[in-house]
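We count ligands from 1, going down the list as the structure has it; atoms in each ligand are counted the same way.
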Amino acid sequence: MSIGISGLGIYAPKKIVTNDDLSKLVDTNDEWIYSRTGIRQRHVAEGEEDTLYMALEASKVAIQDANINPQDIDFIICSTVTREYAFPSVAALVQKALEIPSIPAFDMGPACGGFAYVLATAESYVKSGLAKKVLCICSEKLSDIIDWTDRNTCVLFGDAAGAVIIEENPSQATILKTIIGGDGAYGELLRMEKIGDKPPVVRMDGMGVFKSAIRIMDEQVREVCASAGKTIEDIDLLVPHQANARIMSAVAERLGIPVEKTYMNVAHYGNTSSVSVLLALADAKKEGILKEGMLVACPVLGAGFTWGASLLQY
Ligand code: ACO
C-alpha cells in the first residue's frame, strides 16, 4: 500500500520583521543573529492572521493543489502550540469553515516535532482504513508566546502555517517511512514559563537545545533510512526542521551529506516550529530544487523533546 502526499499548501503572514527591526526592540544586531542562526527575517502575524486563519489559508491551497473538494476530506489533524482557545480545536474549526460534513478532527501539540507526528498519525489512520483523505495542518503563531524583551529567544522564531493531504496512491510523494519518538527528560531545555501574573513565554537553554538537536536529528535520519532499507547515500535532499542554519549544517556534516543537498530557508522565515519542513518543501519545489524522483529525508526535533524523521519518495 502506497500512502503519501497529494497536495501541499503554505501561508506566511504579510508582515516581515527584519533583524534590523529587532535591534530596535532588544540589544542585538543583524550580524549577531545571522552569524549564529542564519536568520535574516521572519513573518509575524497581525490583525486577523491568528492560528486558525493561517491554518485555513494553508489548507485551501493544499486542497486546491491536491485537486480535490473539501468535502472529500474525512479526517483532520492539526499540530499547533498556539491555538487561541483550549477548545474547540483548530482542526474542528477548519472543518466547520470548509463546510465539511461531520468527521473526526483533533489537534496535537508536539511543537517543532509536529511534522513527523502529523504524518505518522495520518499514515496510520489511512493504513488502518479509518481514514481515506487526511488534511494534516501545522499552524503556529509563535509571536504570541515569545517574550519580546528576551533577546535569547525573540530573534529565533516566526509565524506561518502549512498543510498536506495524505491519502493512498498519492500524486506527489510516497511516505516510505516515518518514525517518531520523544523523551520528557529533555523538557527543561525548552519550555514555557510563567513569570508573575503575565502569560507564559518561551524559555530556552540555547546550547543545550543546540547540541541535543544535532545529535538526535542525525540519529533519526540514520534510523529512518535503516528501517526503510535505504542508505544515507541514497538521500537526494535533506530537508531538516529549520531551527537554525548552524544546526542543519552540523546534522548534514555528521551524516556526510554535502551542504548543497541540504535545503534551508530559515533565513527567510526564522524557526516556525512544526510548520518549518512544510515551508521548506514548498519553497524547494517552487525553486526547482525538489524534483520528481528524489528521495527526501526530513528529520525534526522540538520541545518535549519530541523528535522524528520522514523519508519521502517524490
Ligand atoms: N543578540 C546579541 N547577543 C545575544 C543574543 C542576541 N539576539 N542572544 C543572546 N546573546 C548573547 C547572550 O546573552 C550571551 O551573552 P553572554 O556571553 O554575555 O552571557 C552570548 O550572546 C552567547 O553568545 P554565543 O555563545 O556566541 O551564542 P551561541 O553560540 O550559544 O548561540 C544560540 C546562541 C543561537 C541561541 C544557539 O545556542 C542556538 O542556536 N541554540 C538552538 C536554539 C534553537 O534553535 N532553538 C529553537 C527551538 S528548538 C528547535 O527548534 C530545535
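- Listed for the Trp148 side chain is a donor-acceptor partner under 3.5 Å among the backbone atoms of Ser143.
- Contacts of Asn152 with ligand 1, taken as heavy-atom pairs under 4.0 Å, involve both backbone and side chain.
- Put simply, Ile179 and Val296 are part of two different groups of oily side chains (I, L, V, M, F, W, Y) that touch within less than 4.5 Å, one to the next.
- Checking Cys154, Ser212, Ala243 against atom 44 (O) of ligand 1, the nearest heavy atom belongs to Ala243.
- Heavy-atom proximity to Val155, at under 4.0 Å, picks out these atoms of ligand 1: 7 (N).
- One finds no salt bridge joining Lys15 and Glu49 here, because no Lys/Arg side-chain nitrogen approaches an Asp/Glu carboxylate oxygen to under 4.0 Å.
- Some N or O of Gly206 is nearer than 3.5 Å to an N or O of ligand 1, by distance alone.
- From the protein, the heavy atom lying nearest to atom 30 (O) of ligand 1 is Met207 CE, 3.3 Å.
- Met204 SD, 3.1 Å is the protein heavy atom nearest to atom 45 (N) of ligand 1.
- For Phe115 and His241, the ring centers are positioned 6.0 Å apart or more.
- Contact check on Asp218 versus Arg215 returns no salt bridge, with no Lys/Arg side-chain nitrogen under 4.0 Å from an Asp/Glu carboxylate oxygen.
- Taking distance alone, with nitrogen or oxygen atoms compared against 3.5 Å, Arg151 approaches ligand 1 more closely than that limit.
- Each of the atoms 38 (C), 39 (O) of ligand 1 lies under 4.0 Å from some heavy atom of Asn244.
- For atom 46 (C) of ligand 1, the nearest non-hydrogen atom of the protein is Asn271 ND2, 3.2 Å.
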